[in-house]
Amino acid sequence: MKIAVMGTGGVGGYYGGLLAQQGHAVTFIARGSHLQAIQTGGLQVKSVHGDFLVKPAIATGDLTRIDPVDLILFCTKTYITEQAAQKIIPVVGPDTAVLSLQNGVDAAERIGAVVGMQHMLGGATWISSAIESPGVIKQVSQFRRVVLGELDGNLTPRLQSIHKALQETGITAEISENILKVLWTKFVFISAASSLGSLTRLPMGAYRSVPEARAMLTSLMGEVEAVARAHGVSLDENVVQQSLAFMDGAAPHIKASMQLDVDSGRRSEIESMVGVIGRKGREVGVVTPVADFVYAALLPVDLNAQAAFPRAGSCI
C-alpha cells in the first residue's frame, strides 16, 4: 500500500513507522530539522513495545513530488487542518482514502471540505507518543489503539484493507460501524480533561476529586453529550458516568495534550477541543455555558502564545 503521513509527529511518526516496517511504501511529510534528520538518518522510534529504525526513510516537505497514494494518515495539529488539507491535494487520487487521527470531532468534515468527503474515513486513536528530538519518536503507552470506520457506517473494501494493514503492525485496530459515536464518546472525556487541566495547570489526580472541579467536569461533559445528541449522534445513556469513571481510573499524573501545550506556552488546539462545543451547540440551539466560559478564559492565553511563536501555526 502506498501511504503518505501528513504530520510526522508522535502519532503519525509512530504509526507510519510501524506501517513502513511491514513493507508498505510510506512517505513521511515533515519540515525543518525533523525532516532533515529523517532524510539523513532515518526515522528512529523508541517504544515500550520495542525500538526500531526506518532507514532509509522517504521523507519530504513538498507533496508535489509524490504520486497519488492509496492512504493518507492525517496527523497534524488541528489548528493547521485546512492548510494541511490544501497541501495533500496533489497526492489525492480518485481512490485515495484519508484517515484523520487528530483530536476532536470535526476533522473529517474540515478536511473533506477541501479534498472531497468521498475520500474521508473517520478515525480515533489512543496513544502517548511525541517527538523526542529531530528524527526520533518516543512512544510510552502500553495502549496503542486505532478505531476507524466509514462515516456512513458501511463496511467497504478500502476500510477492510486499511484495517488489515494496521492490524498487521501489532497495534489494536478496530472497525466501527458507528465511528461518530466513537469520536464523540472520546470527546466527552478529552474535552473536559483538556479544559480543567488547562485551567488548573494541575495533573488529573489533583482536580478530579475536588467537588467543585468535579461538578464543572460533569457539567461540561453533559454539554458535550447534549450537543452530540442534538446533532443526531447516538451515545450510551451513561456516557458521562463512563467518562468520569475512566478519568478516575487514569494515572494521577496524566495531563491532556492540550494542557501540555498550554503549560509550555505553545499554541493549543483550543478551537477543536473547546471552541467547537459552543459552535456546534449554537448550530442546533444547545446552550453551552461551561464550555463558553472555558473558551473565553483560555482564548487570551492561546492568542498570546500565537503572537509569541507565530511559526507554530505553519504547516506540518
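The basis for the numbers below is simple: all heavy atoms, side chains too, and nothing from hydrogens, waters or symmetry mates.
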* What are the two closest non-hydrogen atoms of Gly93 and His119, and how far apart are they? -> O-CE1, 3.0 Å
* Test log, rule side-chain contact (heavy atoms from CB on, under 4.5 Å), inputs Gln306 and Asp302 -> CA-CA 6 Å; Gln306 291 183 49; Asp302 195 68; 2.9 Å; yes
* Asked: Hey, are the side chains of Phe74 and Leu99 touching, using non-hydrogen atoms and a 4.5 Å cut-off?
  -> no
* **Val114 reachable from Leu101 in the ILVMFWY side-chain graph, under 4.5 Å edges** => no
* Is any side-chain heavy atom of Ser257 closer than 4.5 Å to a side-chain heavy atom of Gln259? -> no
* Asked: Under a 4.5 Å cut-off applied to non-hydrogen side-chain atoms, are Ile111 and Met120 in contact?
  -> yes
* Asked: Looking at Asp95 and Arg158, does any basic side-chain N land under 4.0 Å from a carboxylate oxygen?
  -> no
* Start with the C-alpha gap between Ser129 and Ile137, add the side-chain angles, then the distance that decides, and say whether side-chain contact (heavy atoms from CB on, under 4.5 Å) holds. => CA-CA 7 Å; Ser129 187; Ile137 303 297; 3.4 Å; yes
* Asked: Side chains of Met247 and Met221: does their closest heavy-atom pair fall under 4.5 Å?
  -> yes
* Option from Val45, Leu19, Leu43 for which side chain to side chain contact (heavy atoms under 4.5 Å, CB included) with Tyr14 holds -> Val45
* Fit a plane to each ring of Phe189 and Phe246, take the angle between them on a 0 to 90° scale, and name the class: parallel (under 30°), tilted (30 to 60°) or perpendicular (over 60°). => perpendicular
* Is there a path from Ile66 to Ile72 through hydrophobic residues (I, L, V, M, F, W, Y) whose side chains come within less than 4.5 Å of each other? -> yes
* **4.5 Å side-chain heavy-atom contact, Ser272 and Arg110** => yes
* Can you name the nearest heavy-atom pair linking Tyr295 to Gly275, along with the distance? -> CD1-CA, 3.6 Å
* Asked: Which pair of heavy atoms, one from Gly42 and one from Ala57, lies closest together, and at what distance?
  -> CA-CB, 4.1 Å
* To do: Can you see which heavy atom on His24 is nearest to which on Ala165, and at what distance?
  => NE2-CB, 3.8 Å
* **Linked, directly or transitively: Val11 and Leu183 (ILVMFWY side chains, under 4.5 Å)** => no
* To do: Tell me, yes or no, whether the heavy-atom count around Lys138 atom NZ, taken from other residues, nucleotides or ligands under 6.0 Å, exceeds 12.
  => no
* To do: Return yes if a side-chain donor-acceptor contact under 3.5 Å exists between Asn178 and Ser176, otherwise no.
  => no
* To do: Answer yes or no: is there an ion pair linking Lys280 with Glu109, defined by an N-O contact shorter than 4.0 Å?
  => yes
* To do: Look at atom CD of Glu177 and say whether more than 12 heavy atoms of other residues, nucleotides or ligands are closer to it than 6.0 Å.
  => no
* Asked: Which heavy atom in Asp261 sits nearest to a heavy atom in Lys77, and how many Å separate them?
  -> OD2-NZ, 2.9 Å
* Asked: Between Glu283 and Arg279, is the closest basic N to carboxylate O distance under 4.0 Å?
  -> no
* Asked: Are Thr78 and Glu271 close enough that a side-chain donor and a side-chain acceptor fall under 3.5 Å?
  -> no
* Structure fact -> Note: Thr8 and Ile29 closest approach over all heavy atoms is OG1-O, 2.9 Å
* **Separation between CE of Met273 and CG of Leu298, rounded to the nearest 0.5 Å** => 12.0 Å
* **No-hydrogen, no-angle side-chain donor-acceptor test under 3.5 Å, Gln242 and Asn238** => yes
* **Side chain proximity check, Val274 to Ser191, heavy atoms < 4.5 angstrom** => no
* Report the distance from atom CG of Leu196 to atom OG1 of Thr200, rounding to the nearest 0.5 Å. => 6.5 Å
* Structure fact -> From the list Val147, Ile190, Val146, side chain to side chain contact (heavy atoms under 4.5 Å, CB included) with Trp126 holds only for Val147
* Is it true that Val69 and Val26 fall in one hydrophobic cluster, defined by side-chain heavy atoms closer than 4.5 Å? -> no
* To do: Apply side-chain contact (heavy atoms from CB on, under 4.5 Å) to Val188 and Glu223, showing your working.
  => CA-CA 9 Å; Val188 169; Glu223 290 178 5; over 6 Å; no
* Are Trp184 and Val227 close enough that some pair of their side-chain heavy atoms sits under 4.5 Å apart? -> yes
* Should we say atom CZ of Phe293 is surrounded by more than 12 heavy atoms from elsewhere, each under 6.0 Å from it? -> no
* Under 4.0 Å between a Lys/Arg side-chain N and an Asp/Glu carboxylate O for Asp248 and Arg214? -> yes
* Answer yes or no: is there a side-chain heavy-atom contact under 4.5 Å between Phe187 and Asn103? => no
